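Note that the coordinates shown come from a computational prediction; the quantities given were computed from them, not determined experimentally. Numbers restart at 1 for each chain; the letters A, B, ... are given by sequence-line order, proteins then strands.
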Amino acid sequence: MKVLIQLKSDMSLKLSEQERFRREALKELLDLGIDPYPAEKFDVNVTAKEILKRFPEDNSLFQEVSIAGRIMGRRIMGSASFAELQDSTDRIQLYFNRDEICPGEDKTFYNTVFKRLLDIGDIIGVKGHVFVTRMGEITIHVKEYKILCKSLRPLPVVKEKDGQVYDAFKDAEQRYRQRYLDLIVNPEIRDTFRQRARMIQSMRDFLLSKDYLEVETPVLQPIYGGAAARPFKTFHNTLDTTLYLRIANELYLKRLIVGGYDGVFEFAKDFRNEGMSRFHNPEFTQMELYVAYKDYEWMMELVEEMVEKITLDLHGTTEVKVGENIINFKRPWKRFTMYEAIEHFTGVNISDMDEDQMRKTAKELGVETNTTMGRGKIIDEIFGEKCEAQLIQPTFITDYPIEMSPLAKKHRSAPGLVERFEAICNGKEICNSFSELNDPIDQRARFEEQLELGRRGDPEAMILDEDFLRSIEHGMPPTAGLGIGIDRLAMIMTNSNSIQDVLFFPQMRPEKTSSVEGQDNKEFSDAGIPGEWITILQHAGYTTAALLKEANPNKVFNQLCGLRKKQKLDIPAPKPEEVKSWIENM
RNA sequence: GACUUGGUAGCUCAGCUGGUAGAGCACAUCCCUUUUAAGGAUGGGGUCCUGGGUUCGAGCCCCAGCCAAGUCACCA
């Protein structure tokens with residue numbers, strides 16, 4: 001028991017006052033014989049949302065409810081109290097009456113347990129009936145309650161009245177690092193992720209209804225491919241081999257088309273070792289789809305149909321508000337070839353220009369180029385600078401320069417182009433698709449061009465995948481392929497300004513851990529310092545042996561006594577000569 | 001990677017020309033006892049991001065660093 005108390009006081013040095021109060025409350029609960037973390041289930045027969053929705057229509061309902069959730073607010077006034085209970089669906093008010101919670105003489109369970117030992121953030125289960133208070137609020141009249149989990153840290157308290165939010169918890173860093181807090185106190189965040197899940201469900205339903213097969217392909221790949229990007233590198237010990245986290249699954253899905261499936265798709269986490277921004281996270285989700293005997297024209301129709309359906313499923317209309325704009329996904333979407341789009345936004349027709357003329361035009365348009373850029377790259381640059389951001393309504397851009405698209409089939413009629421399209425929406429690409437290149441000779445030549453780029457130092461150049469080539473040498477039917485950015489689409493569908501808002505745990509730089517934690521205490525204990533004082537010394541700033549060795553013994557002694565008093569520690573004060581001997585022994 | 005802005009109590013934020021760290025919420029002890037971002041009284045709570053520098057004196061000024069956000073560049 002003594003050890004326990006010491007442990008506790010050591011721990012409490014690092015705790016804030018509010019955390020210490022909660023740990024003390026926990027102890028009192030245990031002393032009262034109440035288990036703050038019971039093992040048995042608590043049966044729930046209703047949600048807050050259901051009550052709030054249906055009770056106004058029929059006051060005879062919900063006369064025996066059992067519901068559980070987190071306490072988000074309390075208003076205590078002696079023998080009667082109100083609390084707010086938040087479950088996964090909504091918040092509902094609870095009414096507690098002392099003499100009903102404690103019908104007998106002993107009022108402990110109300111006076112002590114409810115009023116003093118419970119806190120905002122604790123999770124409880126209650127049973128009772130629903131009524132309406134004098135203030136007109138739907139409320140559960142609690143007959144009994146049970147502590148399901150004691151919370152040891154204070155929650156950010158966000159309050160709201162008439163749509164006005166007070167003390168909103170909105171610091172992006174804390175919200176992303178401690179997403180659980182964000183989800184607890186900002187319930188609209190929970191809805192964003194529900195919408196994301198429904199969006200994926202809707203897409204999956206659509207694809208399954210077409211009888212395409214949902215598949216899984218390797219994340220760990222010996223040769224990464226299918227996109228232009230730098231990979232994450234890792235190592236497999238048993239195979240003694242370098243492996244890469246996939247940047248795309250394209251080449252594997254095409255192998256499955258070679259294998260005889262007509263349609264395969266995968267919701268794939270891809271990993272790209274590149275910059276981060278509000279549009280880029282190192283890991284992101286892409287849905288890739290490959291359908292045999294189809295081409296990119298057909299795929300455009302499918303994308304329109306699918307995204308329109310998703311929008312209807314999510315919003316009941318084809319219109320979505322995104323920032324300042326209303327985006328309408330109703331079919332058909334606008335279509336431009338890349339040349340047409342450039343002509344539309346700049347007034348210049350560049351389709352027949354050679355590289356020199358084009359470079360000159362780019363300069364006139366204020367688009368920067370350099371000598372390493374070929375004709376295709378310049379076109380892409382002009383488009384990116386002058387057109388993409390202006391495409392707010394969903395628009396297909398078709399027929400890309402061949403240089404940028406080593407896996408796409410050459411255009412059936414326009415030389416120098418490939419059969420490729422991207423859908424642009426809200427100024428950003430949301431998907432990328434082409435008639436897949438199935439000519440193995442051409443594919444090998446395109447890979448070799450990529451190898452040449454790699455030799456010239458392009459870190460994103462593709463690697464030649466010999467097994468993939470072998471597979472399409474066996475023959476891949478004409479195939480349409482699609483990659484659609486799930487995070488990007490989720491941003492639009494949920495009106496989110498950054499990708500971090502549609503990922504539960506966006507990548508962040510690791511948090512710096514406290515230097516006191518995990519210290520090697522051996523040198524301290526070797527000098528004869530009792531364990532309970534080591535943490536206190538470290539708390540006082542003497543985190544290493546060297547620091548303590550340099551210190552003035554009198555000052556250290558005073559600091560320790562000061563801390564002992566301040567933290568109300570239940571250990572005897574050290575003697576000055578003891579402190580002196582510790583320091584001498586260091 | 002570059003530039004801009006920010007980092008102060010558990011949360012949201014003030015903090016003057018550099019002069020003993022503040023408010024609201026939360027927390028503790030009371031009062032009130034069907035309230036509702038409850039109200040009232042009292043109280044406790046701080047590594048002012050970190051490390052240097054200037055100064056008699058730094059939350060504030062200077063330098064370096066860490067973390068985040070925004071903008072730009074590359075990528076979806």
- Message: For A:F504 together with A:F193, are the ring centres under 6.0 Å from each other?
- Response: yes

- Check A:S433, A:S435, A:S405 against A:E419 for a side-chain hydrogen bond (donor to acceptor under 3.5 Å, both in side chains) and give me the one that passes. A:S435

- Could you check whether A:E381 gets within reach of a base, just the sugar-phosphate, or nothing at all, counting any heavy atom under 4.0 Å? sugar-phosphate

- How far, in whole Å, is B:U5 from B:A64 if one measures between their P atoms? 14 Å

- Query: Which of parallel (below 30°), tilted (30 to 60°) and perpendicular (above 60°) describes A:H129 and A:H141?
  - Reply: parallel

- Message: Quick check, does A:F284 stack with B:A76? I mean ring centres under 5.5 Å and planes off by under 30°.
- Response: yes

- Indicate, yes or no, whether a donor-acceptor pair under 3.5 Å links the base of B:U35 to the side chain of A:E137. no

- Check every strand shown and say whether A:Y176 touches a base, only sugar-phosphate, or nothing at a heavy-atom separation below 4.0 Å. sugar-phosphate

- Per A:H280 side chain, nearest of listed nucleotides B:A73, B:C66, B:A76: B:A76

- Pick base, sugar-phosphate or nothing for A:A80, based on heavy-atom distances below 4.0 Å to the nucleic acid. nothing

- Query: Hey, does the side chain of A:R153 come within less than 4.0 Å of B:G10's phosphate (OP1/OP2), counting only N and O?
  - Reply: no

- Interatomic distance at C1', B:G7 relative to B:G15, whole Å: 15 Å

- Message: Check this one for me: any side-chain N or O of A:R134 less than 4.0 Å away from OP1 or OP2 of B:U35?
- Response: yes

- Rounded C1' spacing from B:G51 to B:C66 in Å: 10 Å

- Which nucleotide in the list B:U12, B:A68, B:G45 gets nearest to the side chain of A:Q174? B:U12

- Item | Aromatic contact, A:Y244 with A:F232 (centres under 6.0 Å) | no

- Is it the case that more than 12 heavy atoms not belonging to A:R190 sit under 6.0 Å from its CZ atom? yes

- Message: Does a side-chain N or O of A:Q18 approach OP1 or OP2 of B:A28 to a distance below 4.0 Å, or not?
- Response: no

- Item | A:K269 side-chain N/O to B:A76 phosphate OP1/OP2 under 4.0 Å | no

- Query: To the nearest Å, how far apart are A:E385 CD and B:C74 P?
  - Reply: 7 Å

- Under 4.0 angstrom between A:R230 side-chain N/O and B:C75 OP1 or OP2: no

- Message: Can you see if the side chain of A:R177 gets near the phosphate of B:A68 - specifically, an N or O under 4.0 Å from OP1 or OP2?
- Response: yes

- Item | Check: B:U35 base within 3.5 Å donor-acceptor of A:T133 side chain | yes

- Query: What is the distance from CG of A:L155 to P of B:C27, rounded to the nearest Å?
  - Reply: 11 Å

- Item | Cation-pi check, A:R74 onto A:F114 ring (under 6.0 Å, within 45° of axis) | yes

- Task: Could you please name the option among B:C11, B:C75, B:G44 that lies closest to any side-chain atom of A:K377?
- Result: B:C75

- Item | Contact under 4.0 Å: A:R75 side-chain N or O vs B:A38 OP1/OP2 | yes

- Item | Candidate nucleotides B:A69, B:U12, B:A28, ranked by approach to the side chain of A:M508 - the nearest | B:A69

